[in-house]
Peer 1: 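Take this structure first; my questions come after.
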Amino acid sequence: MKNKSIMVALAAIAITTALQSCKPKDSSNAVSGDAASKVYVAPGKYDEIYNFVSGGFSGQMSCYGIPSGRLLRVIPVFSVDPEKGWGYSEETKPMLNTSHGFIPWDDLHHVQLSKTNGEADGRWVFGNANNTPRVARIDLRTFRTAEIIELPNSGGNHSSPFITENTEYVVAGTRFSIPPDDVNGDVPIDSYKQNFKGTLSFISVGKEDGKMDIAFQIQCPGVNFDLSRAGKGVSHGWFFFSCYNTEQANTLLEVNASQKDKDFVMAVNWKKAEEYLKAGKGRKQAVRYAHNVYNEKTHSATSEIRTEVTVLDSKVLKDICYFIPCPKSPHGCDVNPSGEYIVASGKLASVIPVFSFDKIIKAIAAKSFDGEFEGIPVIKYESALYGEVKKPGLGPLHTEFDDKGNAYTSMFVSSEVVKWNVKDLKVVDRAPTFYSIGHLCVVGGDTKKPYGKYLIAYNKITKDRYLPTGPELSQSAQLFDISGDKMKLLLDFPTIGEPHYAQAILADVIKKNSLKMFKIEENNNPYVTKGEKEAKVVREGNKVHVYMTAIRSHLTPDNIEGIKMGDEVYFHVTNLEQDWDVPHGFAIKGASNAELLIMPGETCTLKWTPDRVGISPMYCTDFCSALHQEMTGYIRVSPAGSSVPISFGTGKTPAAPVK
Amino acid sequence: MKTTENNIGVLSKILLLISATLLVISIFKPIWIIELNAPQYPEGLVLYIYANKLGGNVDIINGLNHYIGMKTLHTEDFIEFTILPYIIGFYALVTLVVIFINKRIALYTLVVAFLLFGIVAMMDFYRWNYNYGHNLDPHAAIVVPGMSYQPPLIGYKQLLNFGAYSIPAIGGWLFIASGVLMAFAFIIESKLFKRTKK
């Protein structure tokens with residue numbers, strides 16, 4: 001009797017277990033046993049790889065170490081960052097200037113490392129502003145934004161900042177077509193088809209200094225330009241853009257831009273465009289756009305409003321642009337390492353079409369066209385197609401490549417990464433992501449020589465992956481080992497903002513060039529104070545300039561009197577340290593902006609408008625030394641019209657010893 | 001050429017020639033190095049003492065020393081840096097002259113004088129170390145009763161969070177090698193050596 005009941009119990013357990021195992025595997029057993037050792041970077045050791053990740057709606061760019069997933073730095077780009085004084089210090093305010101004036105926020109979607117011979121060279125990383133169209137260049141010696149250029153004739157700079165194989169150009173395609181800047185834009189919105197135009201900007205990049213300049217723009221039919229990639233190797237000289245909303249809808253795009261079976265990939269022969277430009281076929285157009293440059297010697301930015309671009313008309317100059325039909329609202333448009341294959345992902349399509357560059361060129365030569373769209377030839381789908389990846393998954397978005405001839409495509413709807421072979425277009429592996437992957441990044445995955453080894457998925461939804469933090473959850477990245485036949489999930493790590501595209505590069509390429517400090521003797525800031533003896537307070541009308549120094553552990557001057565209500569006080573603080581990793585901060589009570597964070601050898605300026613009579617303390621905000629808490633000072637504010645003279649000093653009246 | 005018992009042998013002359021060369025080189029190389037390590041300075045700080053100047057992370061070390069009230073180090077505060085290159089140069093010259101004079105007594109004098117110079121130099125170095133380590137500003141931020149910050153003459157010593165390691169640098173080793181070579185010549189030439197050889 002007893003035995004029987006034990007038997008029943010055992011059977012029940014067996015059945016339950018069997019049923020449980022019928023359930024699809026969940027995330028808890030998706031990680032293999034040796035994952036921990038593969039991502040463990042011992043304390044004090046360096047990661048193998050830098051991962052530059054877009055911050056999406058944070059407007060910034062973040063930098064992670066791979067394989068540990070450790071956050072190394074958040075680089076302020078398009079959004080103000082009070083922590084670093086970015087956009088608050090007088091020196092950095094011009095960086096966020098636009099034709100609309102000062103803009104404190106944007107949406108950074110894509111990053112691109114500068115390239116030489118089709119490989120990432122580690123000099124600069126570029127980022128796009130999706131809202132108020134701009135492109136930024138970040139200097140990887142300092143991990144700071146060095147330059148921002150605004151784009152005229154554009155709305156929503158999404159297909160950007162993709163780059164040619166020798167960084168000849170960074171492109172920017174408008175996501176939202178709009179009436180050009182030099183015509184009256186006061187038109188009915190439903191006149192989209194007549195009045196709205198799409199614009200592609202080609203920004204040239206200085207070979208040595210990286211300086212950006214809009215070399216030319218190509219005016220295109222009004223559609224939505226989504227993403228792009230430069231040709232490389234055999235297809236160098238061409239650019240490929242995905243286009244959706246070829247329905248040219250101006251409302252409820254969700255439905256109205258999803259009507260056609262096929263939208264387009266646009267192939268752009270930019271070498272040809274250069275020829276037309278040289279031949280003077282461009283039209284000079286009056287526009288307004290800001291060009292902002294940060295000077296590392298003066299430690300300050302300048303903003304200039306430019307007023308002209310040269311525009312090439314794709315309708316008139318026939319052999320620059322060609323449309324290639326592509327199923328259902330293509331999103332990603334990626335080129336394999338050899339440059340021969342162009343992978344376009346129709347996000348609502350059931351296949352992934354792969355186009356052949358060779359066939360595209362032959363189709364153009366043979367005029368194998370299927371009519372025109374808005375005056376631009378449409379190449380026959382079959383004439384450009386290399387083949388289709390069948391049943392890849394749902395919602396294909398982006399594709400990167402490894403060093404073994406494989407492609408990896410992110411599937412938003414089915415929430416997975418699909419690995420397929422570029423030659424035979426067969427799916428060879430798939431791995432779930434948690435959840436709803438957007439972009440993905442293989443180390444060197446968009447270059448001529450991918451490094452492979454790791455793939456990082458950037459997910460839009462995390463739900464239960466981390467400890468809950470209320471309704472607002474972090475987005476996340478997931479690291480996969482792709483060195484073997486099967487992709488192996490190694491690590492989840494949360495990200496700042498929303499990660500869109502990211503790129504990864506071997507640490508050795510960048511770390512050797514990383515700057516440790518700025519040389520004080522090369523500091524050409526007009527308000528630099530190169531030594532405590534030069535510290536002073538100068539009144540110019542109601543403007544008071546404080547030439548202040550910071551060195552462990554005091555500010556000079558740290559007692560300032562003679563400030564009056566109605567004054568604008570400018571604290572020009574120079575960090576006199578010439579030692580590695582000794583920043584000083586500066587903050588003053590009641591400041592309506594932010595703090596300063598000043599690197600060794602640098603000068604930063606904080607504007608302060610006192611709002612009341614009395615004593616205001618100021619202090620160093622960065623714990624710089626054992627006597628950091630002593631690194632403080634006072635400023636005395638007297639009523640307007642007061643006769644208190646300007647006076648200042650440090651250490652003039654040593655405190656009497658307490659008896 | 002007539003050789004007498006009082007002349008210097010060829011081997012010794014070669015040793016002296018090398019010795020003089022090493023001395024000249026040592027004028028241009030750091031003679032002494034004080035390495036400082038602290039938890040916050042994994043990369044280390046160094047102070048190089050040349051015949052004519054201080055080198056290395058002088059400014060950073062001065063910046064740190066102000067906490068304990070140590071006087072800041074400046075090349076121009078040391079008379080030694082003006083005369084030391086000449087003294088070493090003078091010894092190199094005298095060494096060559098000894099080869100030329102070719103008298104054992106000259107060699108003996110040189111070796112003794114050089115040895116004395118070495119001792120005096122080290123005493124002087126100790127004196128400076130002592131002065132800088134002990135003459136501290138009483139108003140300094142950090143005053144540890146009974147604590148002095150004299151770096152070791154040679155070897156290792158912990159000074160608060162800094163470990164100080166003081167040893168000869170390349171120029172110092174050249175200087176020592178030069179003295180050793182002279183000493184060799186001295187032994188070779190000494191009667192004691194010749195007698196035992198017989």
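Within every chain, numbering begins at 1; the chains are lettered A, B, ... in the order of the sequence lines, protein sequences first and strands thereafter.
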Peer 1: Side chain, backbone, both or neither: which part of His139(B) has a heavy atom under 4.5 Å from chain A?
Peer 2: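 Neither part; nothing is under 4.5 Å.
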
Peer 1: In terms of heavy-atom contacts, does CZ of Phe184(B) have more than 12 from other residues, nucleotides or ligands at under 6.0 Å?
Peer 2: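 Not more than 12 within 6.0 Å, no.
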
Peer 1: One pair to check against side-chain contact (heavy atoms from CB on, under 4.5 Å): Asp581(A) and Gln40(B). What are the steps and the verdict?
Peer 2: CA-CA 10 Å; Asp581(A) 197 15; Gln40(B) 304 82 357; over 6 Å; no

Peer 1: Looking only at heavy atoms, which two atoms of Gln578(A) and Ile60(B) are closest? And how far apart?
Peer 2: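 So the two residues come closest at O-CD1, 3.5 Å.
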
Peer 1: How about Tyr50(B): does its OH atom have over 12 heavy atoms from other parts shown lying under 6.0 Å from it?
Peer 2: yes

Peer 1: Tell me the closest heavy-atom pair linking His66(B) and Arg552(A), and the distance in Å.
Peer 2: CE1-O, 2.9 Å

Peer 1: Decide if atom NZ of Lys157(B) counts as having more than 12 heavy atoms of other residues, nucleotides or ligands within a radius under 6.0 Å.
Peer 2: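 Enclosed: over 12 neighbouring heavy atoms sit under 6.0 Å from NZ of Lys157(B).
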
Peer 1: What do you reckon, is CZ of Phe143(A) surrounded by more than 12 foreign heavy atoms closer than 6.0 Å?
Peer 2: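 Yes, enclosed.
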
Peer 1: Just verifying a value: how many Å separate Ile551(A) CD1 and Asp59(B) CG, rounded to the nearest 0.5 Å?
Peer 2: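 The CG atom of Asp59(B) is 8.5 Å from CD1 of Ile551(A), to the nearest 0.5 Å.
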
Peer 1: Can you list everything that forms a side-chain hydrogen bond (donor to acceptor under 3.5 Å, both in side chains) with Ser19(B)? Sequence neighbours excluded, please.
Peer 2: Ser178(B)

